[in-house]
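The first residue in the sequence is number 1, and the count goes up from there. Just so it is clear, the structure is predicted and the values come from calculations on it, not from any experiment.
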Amino acid sequence: MWRVRLIPLWIYLIRGQLMGDAKTQTIYFYDRHPISSDIILAKLRSSRGDLNSLRPDELFPHDQDHYGGLAATDELARGAQIGKTSQVADFCAGLGGTVRYLAHKYGANVTGIELTPSRVAGAQQLTKLVGLQEKARVIEGSVMSVPLDDATMNAVVSQESFCHVPDPKKALSEACRVLKQDGRLAFTDWIANEQLTTDDAQLMWDGMAIQPLRSIPDYCRLVESAGFKVHSAIDLTAEWGPILKERLAMYQRLREEARQAGTPMGHDAFHKSYIRFVELIQQRKLGGVRIVATK
């Protein structure tokens, strides 16, 4: 007897609406994100007077656009076994905070792939200011078609980014392609512990370009279908709860600082959706996961 898995209609409706315009929506979101290179540089000028002889560690309090800060990146570095000889790719690198940190602390040679041109330009500017351009770079590209050669990386990392990608299996397959044999994948991302309502799913898309999400078991199956063996999948939902409350307060402060500095404040839909996102995390309807796998 055939067993048919029924997919809720809203998934088809939203997926059809989102897929065709995912690139535009993601770029729109990140062009207006409250953490930008302009606001980072404005804060540094305010605190130190100028940008002369800027050290990498002076950026770290400002440029780590992911949950858990440097400690979270250290967890990924351990999972990915990153060291001085490592060739590392950071998928969806943003302003390059993780790229610079891995190059500076671990001595790795790190290439970030980032879709949004304004964030690529910002990342390159920040990297040059701290003199890391020989070991850390962010280049423009899609993680569904990565501009790196086959079997050239020891590790691929990513932080809360595949949730923006319309075809995460394709991105994971690209990670597998660029990794050497026994190379390691370590990433964090959003998960859905419960099915979202149509209104909440639409709000996540409108405000933060979030694609339909999946449970941890479904995510592990997706990773394995791309050619990996999963070693660990850690549920971060409880850990993310207080972090996200603090980030919401930070974003509200940054919004006001951006207004005062005359830099982009972020669009209103982001702030509305982020408030709801924090609520959903507290209710454990949404959450996070850290997955480590090998090719």
Side-chain angles (χ1 to χ4, degrees), residues 55-57 59-60 63-66 68-116 119-162 165 168-189 223-224 226-232 290-295:
R55 303 187 314 272
D57 60 284
L59 285 179
F60 298 154
D63 69 350
Q64 302 298 307
D65 184 18
H66 53 265
L70 300 180
T73 304
D74 286 332
E75 286 292 340
L76 290 187
R78 280 190 285 272
Q81 299 182 350
I82 293 171
K84 288 184 178 180
T85 62
S86 297
Q87 298 287 331
V88 182
D90 180 9
F91 279 22
C92 306
L95 292 171
T98 297
V99 171
R100 286 184 293 274
Y101 180 70
L102 293 175
H104 178 67
K105 179 174 180 178
Y106 293 90
N109 192 303
V110 192
T111 300
I113 311 300
E114 171 55 37
L115 182 68
T116 306
R119 292 181 95 69
V120 174
Q124 292 172 345
Q125 180 185 18
L126 293 172
T127 301
K128 187 174 181 180
L129 277 171
V130 297
L132 284 174
Q133 61 269 32
E134 295 302 316
K135 295 184 72 68
R137 66 206 61 80
V138 175
I139 60 177
E140 187 176 336
S142 167
V143 296
M144 295 189 296
S145 182
V146 175
L148 296 174
D149 292 335
D150 295 356
T152 51
M153 298 289 116
N154 302 107
V156 172
V157 299
S158 185
Q159 291 173 291
E160 296 95 65
S161 297
F162 291 143
V165 177
K169 182 178 179 180
K170 194 169 184 179
L172 291 165
S173 296
E174 281 291 273
C176 192
R177 178 185 65 79
V178 303
L179 280 170
K180 298 177 181 180
Q181 191 61 39
D182 298 322
R184 297 178 76 89
L185 169 71
F187 70 95
T188 52
D189 202 16
V223 172
E224 289 172 345
F228 289 98
K229 177 183 178 182
V230 173
H231 288 279
S232 62
R290 179 172 60 246
I291 292 178
V292 176
T294 54
K295 179 175 177 178

Which heavy atom of Glu140 sits nearest to which heavy atom of Val120, and what is that distance? CA-CG2, 3.8 Å
What closest approach, in Å, do Val165 and Cys92 show between heavy atoms, and which atom pair accounts for it? CG2-SG, 4.4 Å
Residues Ser161 and Gln159: side-chain donor-acceptor under 3.5 angstrom: no
Examine the side chains of Glu160 and Thr188 and answer whether a donor and an acceptor come within less than 3.5 Å of each other. yes
Not counting sequence neighbours, which residues clear salt bridge (Lys or Arg N to Asp or Glu O under 4.0 Å) with Asp189? List them please. none
Side-chain donor or acceptor of [X] paired with backbone N/O of [Y] under 3.5 Å:
X      : Y      : value
Gln64  : Gly97  : yes
Arg184 : Gly79  : yes
Lys295 : Cys176 : yes

What residue among Arg100, Lys135, Gln133 forms side chain to side chain donor-acceptor pair (under 3.5 Å) with Thr127? Arg100
Step through the shown structure and confirm whether more than 12 heavy atoms of other residues, nucleotides or ligands are within 6.0 Å of NZ on Lys180. yes
Heavy-atom neighbours of Glu134 CD exceed 12 at 6.0 Å: no
Name all pairs fulfilling the side-chain hydrogen bond (donor to acceptor under 3.5 Å, both in side chains) condition that reach into residues 78-88, sequence neighbours left out, sorted by first residue then second. Glu75-Arg78
Test applied, ring pair (Phe, Tyr, Trp, His ring centres under 6.0 Å); reference residue, Phe187; option that passes from Phe228, Phe91, Phe162: Phe162
